[in-house]
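One structure is given here, and the rest of the page talks about it.
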Amino acid sequence: MKIYEEFTITNCQSLKKPTIYFWLKSIGLSESYISQLRRQKDSIVLNDNNANLKTQISDGDKLNIANNPTEKTNFYNTNFSNLSIVYEDEDYLIVNKPHNLACIPTKSHYNDNLGAQVCSYMQKENQGFVLRIINRLDKETAGLVVVAKNLFAYKNLSNLQKEYFALCHGNLSSTQMTINKPILTRNINGINIMKREISEEGKQAITHVELIKNFDKYCLVKFHLETGRTHQIRVHMSHINHPLIGDTIYSDKVNDSQIQPTPEHTMLLLKSISFKHFRTNQIISIETTFPEEWKQYLKNYQTEEK
């Protein structure tokens with residue numbers, strides 16, 4: 001069963017041609033979205049009749065377009081009982097991803113991944129559900145993941161604000177700093193190397209760093225990113241000799257051996273997000289707590305206040 005977005009046609013006189021195609025372009029829909037509408041049967045309805053992109057329109061016409069005009073995601077069904085949902089409405093699903101769970105299927109995590117869990121959950125209400133993750137996290141990173149329930153919601157989410165927290169080796173001497181160092185992704189035979197590096201040949205990367213608390217051999221740090229490069233926080237903190245605890249790519253294993261208990265993953269958390277909802281213009285702000293396993297590292301720090 002298709003779900004539709006409903007519009008009342010206006011301003012036909014301003015269009016190059018008074019057709020559905022040019023009106024959809026005028027309201028900001030992308031060419032890829034419109035192409036998907038063209039390919040899918042019954043995706044365009046004008047005044048209760050099936051229509052196509054060339055159908056002529058007039059002011060006051062009622063137009064309905066499918067908000068998910070693509071083939072459903074056929075990830076292998078899995079149990080979604082462990083899915084931690086922190087927010088849900090008709091357009092967005094926000095879940096709290098634990099450490100060591102991949103966002104999408106891989107060869108080694110084809111069934112056990114967040115995407116498959118979300119698909120299993122969503123397909124009980126929408127058999128044609130298409131998975132669209134707004135902010136994908138690394139397998140080892142925990143925190144908030146935003147899923148768009150339909151293509152219309154996906155195309156209309158912008159300016160997603162994110163705050164990360166990490167446990168880093170050593171103590172920071174500055175309470176605030178900005179790291180502005182370009183990050184390079186190298187590749188061999190067209191395949192990207194996982195480990196990124198600081199290089200003037202790379203793309204601009206800006207990380208704002210705020211010290212929350214120094215502990216004995218490590219510190220709790222908050223981050224705001226101006227850019228979204230892969231491994232950005234991990235690369236930048238390693239560059240200033242404060243790599244993340246549990247980071248097996250950018251940290252020396254000797255450092256982790258001195259931290260008890262020895263971590264089993266990178267200690268990085270996307271703790272809070274916010275964005276303006278395109279339907280209501282309301283600001284959606286979501287914050288999660290530190291995972292239980294973090295609390296043994298945070299000692300007397302009052303996590304419930306942060």
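All values below were derived from every heavy atom in this structure, side-chain atoms included, with hydrogens, water molecules and symmetry-related copies excluded.
- K16 NZ: 12 or fewer foreign heavy atoms inside a 6.0 Å radius.
- D247 CG to C168 SG: the interatomic distance, rounded to the nearest 0.5 Å, is 9.5 Å.
- In this structure, N64 contributes its side chain and I44 its backbone to no donor-acceptor pair below 3.5 Å.
- Residue N113 holds its CG atom at 10.5 Å from NZ of K97, rounded to the nearest 0.5 Å.
- Between E5 and R279, at least one side-chain N (NZ, or NE/NH1/NH2) sits under 4.0 Å from a carboxylate O, which counts as a salt bridge.
- Summarising the geometry of Y250 relative to M194, their closest heavy-atom pair is OH-O, 3.7 Å, with the distance given to 0.1 Å.
- Counting only heavy atoms from C-beta outward, the side chains of E31 and K25 approach each other to under 4.5 Å.
- Counted by atom type alone, E293 and H265 present one or more donor-acceptor pairs between their side chains at under 3.5 Å.
- Aromatic pair F275/Y92: ring centres closer than 6.0 Å.
- Salt bridge absent: K62 and D48 never bring a charged side-chain N and a carboxylate O closer than 4.0 Å.
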For the pair K139 and N100, evaluate side-chain contact (heavy atoms from CB on, under 4.5 Å) and give the outcome as yes or no after the intermediate values. CA-CA 5 Å; K139 174 176 173 287; N100 291 331; 3.9 Å; yes
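- Proximity of a side-chain donor or acceptor of S238 to a complementary backbone N or O of V235 within less than 3.5 Å is not detected.
- At least one donor-acceptor pair under 3.5 Å links the side chain of E140 to the backbone N or O of T266.
- Within a 6.0 Å radius of CD in E292, no more than 12 heavy atoms belonging to other residues, nucleotides or ligands are found.
- You'll find the side chain of M177 reaches within 4.5 Å of the side chain of I240, heavy atoms only.
- When every heavy atom of L211 is checked against every heavy atom of C219, the shortest pair comes out as CD1-CB, 3.9 Å.
- Considering all non-hydrogen atoms of both residues, N150 and R132 come closest at C-NH1, 3.7 Å.
- For the atom pair CG (D91) and NE2 (H277), the distance works out to 4.5 Å, reported to the nearest 0.5 Å.
- Atom CD of Q296 has more than 12 heavy atoms from other residues, nucleotides or ligands within 6.0 Å.
- Under the 4.5 Å side-chain criterion, counting only non-hydrogen atoms from C-beta, L93 is not in contact with Y87.
- In this structure, K271 is positioned above the aromatic face of F165, its NZ or CZ under 6.0 Å from the six-membered ring centre and within 45° of the axis.
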*Would you check, one step at a time, whether the test side-chain contact (heavy atoms from CB on, under 4.5 Å) holds for Q176 with V209?*
CA-CA 6 Å; Q176 291 187 332; V209 181; over 6 Å; no
Verdict with supporting geometry, V221 and L172, side-chain contact (heavy atoms from CB on, under 4.5 Å): CA-CA 9 Å; V221 185; L172 288 181; 3.8 Å; yes
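- Tracing side-chain contacts under 4.5 Å through hydrophobic residues (I, L, V, M, F, W, Y), one never reaches I283 starting from I286; they form parts of separate clusters.
- There is a path of hydrophobic side-chain contacts, each under 4.5 Å, that joins L101 to V146.
- Relative orientation of the H224 and H208 rings is parallel, given thresholds of 30° and 60° on the angle between their planes.
- Smallest separation of non-hydrogen atoms from I57 and T19: CD1-O, 3.6 Å.
- Between the side chains of T175 and E210, no donor-acceptor pair is found at a separation under 3.5 Å.
- Atoms CD1 and CD1, on I94 and I284 in that order, are 7.0 Å from each other to the nearest 0.5 Å.
- In this structure, the side chains of K181 and H236 come closer than 4.5 Å at one or more pairs of heavy atoms.
- The cationic atom of K213 (NZ for Lys, CZ for Arg) lies less than 6.0 Å from the six-membered ring centre of F215 and within 45° of the ring axis.
- Taken together through direct or relayed side-chain contacts under 4.5 Å among Ile, Leu, Val, Met, Phe, Trp and Tyr, I134 and L83 form part of one hydrophobic cluster.
- Under the 4.5 Å side-chain criterion, counting only non-hydrogen atoms from C-beta, W23 is not in contact with D61.
- F152 and F278 have perpendicular rings, their planes meeting at more than 60° on a 0 to 90° scale where under 30° would count as parallel.
- For the pair L63 and V45, the minimum side-chain heavy-atom distance is 4.5 Å or more.
- At distances below 3.5 Å, at least one donor-acceptor pair connects side-chain atoms of N52 with backbone N or O atoms of T55.
- Heavy-atom minimum distance, E163 versus L270: O-CD1, 3.4 Å.
- Cluster membership check: L220 shares its hydrophobic cluster with Y297, using side-chain heavy-atom separations under 4.5 Å among Ile, Leu, Val, Met, Phe, Trp and Tyr.
- Checking each of R229, H239, Q232 against T207 for a side chain to side chain donor-acceptor pair (under 3.5 Å) leaves exactly one that passes, namely Q232.
- Side-chain polar atoms of E287 and S272 form no donor-acceptor pair below 3.5 angstrom.
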Check step by step if salt bridge (Lys or Arg N to Asp or Glu O under 4.0 Å) holds for D89 and K149.
-> CA-CA 9 Å; D89 63 23; K149 288 188 174 183; 5.9 Å; no
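- In this pair, H99 and W294 present their aromatic rings parallel. The plane angle is below 30°, not in the 30 to 60° band.
- Considering only heavy atoms from C-beta on, I183 comes within 4.5 Å of I198 through its side chain.
- Cluster membership check: M237 does not share its hydrophobic cluster with L184, using side-chain heavy-atom separations under 4.5 Å among Ile, Leu, Val, Met, Phe, Trp and Tyr.
- A side-chain N or O of Y121 and one of E88 form a donor-acceptor pair less than 3.5 Å apart.
- Contact check for K162 versus L225: no side-chain heavy atoms found under the 4.5 Å cut-off.
- Residues F223 and A166 share a closest heavy-atom pair of CE1-CB, 3.5 Å.
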side-chain contact (heavy atoms from CB on, under 4.5 Å) between Y21 and L37, worked out: CA-CA 10 Å; Y21 172 81; L37 290 173; over 6 Å; no
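- Interatomic distance, L24 CG to F7 CZ, rounded to the nearest 0.5 Å: 7.5 Å.
- Here the straight-line distance linking atom OH of Y33 with atom NZ of K155 works out to 9.5 Å at 0.5 Å rounding.
- Side chains of T288 and N96: a donor-acceptor N/O pair is present below 3.5 angstrom, by distance only.
- Panel note: side chain S14, backbone N11; a donor-acceptor pair is recorded below 3.5 Å.
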